[in-house]
Undergrad: 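Please read through the structure below; I'll follow up with questions.
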Amino acid sequence: MEYRGYDSAGVAVLTQADGLVVERKAGRLANLVSALDDAGHGAFAGTAGMGHTRWATHGAPIDRNSHPHRDTAGRVAVVHNGIIENFAALRAELEDSGVELSSDTDTETAAHLIAREYDHGSTAGDLPASVRAVCRKLDGAFTLVVTHADQPDQVVAARRSSPLVVGVGEGETFVASDVAAFIEHTRDAVELGQDQLVVISRDGYDVTDFHGDPAHGKPFTVDWDLSAAEKGGHEYFMLKEIEEQPDALANTLRGHFRSGRIVLDEQRMSDQDLRDVDKVFVVACGSAYHSGLVAKYAIEHWCRLPVEVELASEFRYRDPVLDRDTLVVAVSQSGETADTLEAVRHAREQKARVLAVCNTNGAQIPRESDAVLYTHAGPEIGVASTKAFLAQVAANYLVGLALAQARGTKYPDEVAREFGELEAMPSAVAKVLATVGQVRDLGSRMADSRAVLFLGRHVGFPVALEGALKLKELAYMHAEGFAAGELKHGPIALIEDELPVVVVMPSPKGRAVLHAKMVSNISEIQARGARTIVIAEEGDERVRPFADELVEVPAVPTLLQPLVSTVPLQVLAAEIARSRGYDVDKPRNLAKSVTVE
Ligand code: F6R
């Protein structure tokens with residue numbers, strides 16, 4: 001689970017010999033492992049336990065802020081994901097009643113409150129009831145997992161707007177934020193709904209709502225196994241995931257074109273609703289947002305519909321104009337990004353329809369949407385998105401075709417032809433992958449660069465933004481993506497001798513006008529001393545004289561170009577990061593799923 005956060009890690013185990021044993025350490029999981037060895041806890045003999053990897057929100061990533069947190073008597077242990085928004089008031093209330101808190105976290109308040117309920121409340125001696133009573137007092141998003149020294153055969157977990165799944169094994173039961181935590185032991189899982197609490201024991205699980213009324217989780221079987229979440233001989237996950245991109249694309253397309261029609265995975269809105277759409281918003285964060293920028297070009301061209309692409313974190317705070325004929329496409333690999341989830345909720349409150357593009361079956365965003373198209377990229381462990389991004393781009397094209405089909409802006413044979421072109425993309429990406437050696441070599445030579453600029457036009461512009469984001473997050477290098485035409489309006493002042501500039505060229509055949517303008521832009525920056533690294537279509541001889549380094553990608557239809565031109569930029573960022581000695585899979589300060597706003 002380390003990919004979800006790696007600022008610190010901790011465990012709590014209910015042992016027969018020593019009761020509740022807790023060990024926690026700032027930094028990577030390896031630090032915790034050494035701490036456990038030093039403390040002589042090589043192997044625990046216990047009945048129940050929990051582990052946590054943290055991405056810090058309240059409180060610096062230091063030992064005392066690491067989870068699990070305990071009450072003063074050290075009998076209750078709590079791990080928590082999310083943010084308890086009313087924690088300052090709860091903390092003040094605890095302090096007024098004489099409780100001394102030992103961390104700066106919001107989580108610790110929950111440990112003390114649960115202990116107080118368990119010892120003195122109307123729910124005394126009943127751990128699930130005590131947790132429910134506390135959950136009702138908490139504002140914000142949270143998943144809590146709780147154990148008590150008096151209840152060695154019980155683990156209680158609860159969720160609100162933050163993920164929680166149960167794993168049902170034989171003679172053992174698990175709870176986790178993600179099935180990856182228990183896939184080694186069981187593929188039978190149960191997804192909990194909003195404001196639900198589960199008590200797990202050796203023999204199974206029991207679900208209630210926060211008032212104690214019986215409730216039901218949703219059982220499902222995980223359709224991938226441990227090997228999908230292992231490195232398979234690769235130096236790092238990201239490289240493995242880059243290489244899995246042809247499969248990720250093929251799997252995303254598979255099953256979405258049947259009997260001559262684009263089909264979604266789930267549709268809780270009518271075909272008429274789709275026909276009535278008169279405006280599209282794509283809302284997403286980070287790389288997913290870049291996939292939305294690509295979608296804008298395709299959807300506007302294919303469907304003649306206005307498309308706005310919005311950062312999910314901005315969307316609901318600027319009062320967007322939405323109504324029931326607005327389609328909001330929420331793109332999220334994890335399906336649990338808090339900014340995107342809140343944007344979805346805002347859109348639905350305003351009566352807009354929401355279509356989710358998501359890589360995680362049954363995650364919160366698809367559950368709260370009117371239609372869903374799953375990207376079947378498989379689990380992505382590297383924190384920087386690669387195969388999930390490419391799958392999002394492909395899925396967004398499918399959304400565009402589904403809209404064109406519903407609105408009749410494309411005839412069925414045209415939809416079939418576009419889909420056929422998409423189906424050729426996995427092999428085009430495989431061709432790009434065959435040439436990554438050149439890019440890795442280039443990356444290792446660029447390790448000492450101070451900054452890198454990325455330029456693109458048309459669909460190459462979002463690719464430039466994505467290339468810059470990959471470099472920032474992996475290599476901690478200053479990187480900026482620009483629309484090439486915008487350069488002369490300011491950013492050209494950044495060009496200096498030997499500054500590497502990566503240029504994503506449009507196709508000379510597909511967009512001849514843009515190609516010519518781009519060649520002029522390259523000569524302008526070369527004249528000012530930049531070192532040009534050009535990603536261009538095979539056989540593009542016009543650009544060759546302007547390229548200090550030329551990386552060729554196969555010729556593909558204009559709108560689909562991001563699927564091939566992004567790949568060298570992923571490899572470049574990963575290789576620069578590796579050459580600088582950084583952990584490619586776990587860049588500093590980041591986490592894979594950002595479940596806080
Ligand atoms: C960048 C990256 C992030 C995510 C973003 C959205 O490499 O991975 O920018 O794209 O946090 O995440 P999801 O798609 O899970 O909503």
Side-chain angles (χ1 to χ4, degrees), residues 3-5 55 81 141 161-163 177-178 180 236-239 241-242 245 248 252 282-295 309-315 328-344 354 356-369 372-375 377-396 454 462-463 465-476 479 481 566-567 569-574 577 582-597:
Y3 72 91
R4 298 181 75 89
W55 185 74
N81 288 344
S161 300
S162 183
S177 309
D178 185 344
Y236 42 85
F237 277 111
M238 185 176 161
L239 196 57
E241 288 160 3
I242 288 173
Q245 292 185 111
T252 299
V282 184
V283 293
C285 306
S287 293
Y289 167 75
H290 297 153
S291 83
L293 291 175
V294 176
V309 189
E310 287 264 348
L311 291 168
S313 52
E314 290 292 319
F315 180 71
V328 172
V329 180
V331 186
S332 174
Q333 186 284 128
S334 58
E336 58 185 54
T337 300
D339 290 316
T340 312
L341 178 59
E342 291 305 330
V344 165
V354 177
V357 170
C358 182
N359 196 41
T360 313
N361 226 298
Q364 196 65 25
I365 290 172
R367 280 158 53 131
E368 295 196 19
S369 298
V372 186
L373 199 150
Y374 282 111
T375 52
E380 190 176 66
I381 307 293
V383 163
S385 186
T386 52
K387 63 174 181 173
F389 169 75
L390 235 59
Q392 284 166 345
V393 173
N396 293 347
F454 291 76
V463 174
L465 295 176
E466 176 63 6
L469 176 61
K470 289 283 100 89
L471 195 58
K472 278 182 244 203
E473 67 182 326
L474 294 172
Y476 320 146
T566 304
V567 178
L569 306 191
Q570 298 168 336
V571 176
L572 187 71
Y582 301 141
D583 184 337
V584 176
D585 287 331
K586 300 192 195 87
R588 70 183 176 205
N589 304 337
L590 291 172
K592 183 85 187 152
S593 286
V594 187
T595 50
V596 293
E597 269 193 82

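One-based numbering, in listed order, for ligands and for the atoms of each.
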Undergrad: Can you check whether His290 reaches Leu469 side chain to side chain, under 4.5 Å on heavy atoms?
TA: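 His290 reaches Leu469 side chain to side chain.
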Undergrad: Any side-chain donor paired with an acceptor under 3.5 Å for Gln364 and Ser161?
TA: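 There is no such pair (donor and acceptor under 3.5 Å, judged by atom type) between the side chains of Gln364 and Ser161.
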Undergrad: For ligand 1, which atoms, with element, lie under 4.0 Å from some heavy atom of Val383?
TA: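 By the 4.0 Å cutoff, the relevant atoms are 8 (O).
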Undergrad: Using a strict cut-off of 4.0 Å, indicate which atoms of ligand 1 neighbour a heavy atom of Ser334.
TA: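 In order of number, 13 (P), 15 (O), 16 (O).
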Undergrad: Strictly by modelled atom types, are Asn81 and Ser162 linked by a side-chain donor-acceptor pair under 3.5 Å?
TA: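 Distance-only check fails for Asn81 and Ser162.
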Undergrad: If you measure every N/O of Glu473 against every N/O of ligand 1, is any gap under 3.5 Å?
TA: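 Checking ligand 1 against Glu473, an N or O pair does fall under 3.5 Å apart.
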Undergrad: Just to confirm my output: which protein heavy-atom neighbour is closest to atom 12 (O) of ligand 1, and how far is it?
TA: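 Of the protein heavy atoms, Thr337 OG1, 3.5 Å lies nearest.
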Undergrad: Evaluate the side-chain proximity of Val294 to Asn396: yes if any heavy-atom separation is below 4.5 Å, no if none is.
TA: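 No, every pair of side-chain atoms sits at 4.5 Å or beyond.
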Undergrad: I need the single residue from Val331, Leu373, Asn359 that forms a side chain to side chain contact (heavy atoms under 4.5 Å, CB included) with Gln392. Which is it?
TA: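 The side chain to side chain contact (heavy atoms under 4.5 Å, CB included) with Gln392 is passed solely by Val331 among Val331, Leu373, Asn359.
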Undergrad: With atoms numbered from 1 as shown, which atoms in ligand 1 lie under 4.0 angstrom from a non-hydrogen atom of Gln333?
TA: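 Here the atoms of ligand 1 in question are 13 (P), 14 (O), 15 (O), 16 (O).
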Undergrad: Minimum distance, heavy atoms only, to atom 4 (C) of ligand 1: which one of Ala384, Ala573, Ser287 is it?
TA: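 Among Ala384, Ala573, Ser287, the closest heavy atom to atom 4 (C) of ligand 1 comes from Ser287.
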Undergrad: Hey, mind stepping through Ser287 and Lys470 against side chain to side chain donor-acceptor pair (under 3.5 Å) and telling me if it holds?
TA: CA-CA 9 Å; Ser287 293; Lys470 289 283 100 89; 3.1 Å; yes
Undergrad: Is there a donor-acceptor contact under 3.5 Å linking the side chains of Thr386 and Gln245?
TA: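 Side chains of Thr386 and Gln245: no pair found under 3.5 Å.
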Undergrad: If you have a sec, work out which protein heavy atom is nearest atom 11 (O) of ligand 1 and how many Å separate them, to one decimal?
TA: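 For atom 11 (O) of ligand 1, the nearest protein heavy atom comes out as Val594 CG2, 4.4 Å.
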Undergrad: Show me which atoms of ligand 1 lie under 4.0 Å from any heavy atom of Gly286.
TA: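 Result: 9 (O).
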Undergrad: Can you name the atoms of ligand 1, numbered from 1 with element, that are less than 4.0 Å from a heavy atom of Ala288?
TA: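 Answer for ligand 1: 10 (O), 14 (O).
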Undergrad: Does a side-chain heavy-atom distance below 4.5 Å link Tyr289 with Pro462?
TA: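 No - every pair of side-chain heavy atoms lies 4.5 Å or more apart.
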Undergrad: So if I count the atoms of ligand 1 from 1 in the order they appear, which ones are less than 4.0 Å from some heavy atom of Gln392?
TA: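 Close to Gln392: 14 (O).
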Undergrad: Can you sort out which atoms of ligand 1 are near Ser332, meaning under 4.0 Å from one of its heavy atoms?
TA: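 Taking each heavy atom of Ser332 in turn, ligand 1 has 13 (P), 14 (O), 15 (O), 16 (O) under 4.0 Å.
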Undergrad: Can you tell me the protein heavy atom closest to atom 5 (C) of ligand 1 and the distance?
TA: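 Answer for atom 5 (C) of ligand 1: Cys285 O, 3.5 Å.
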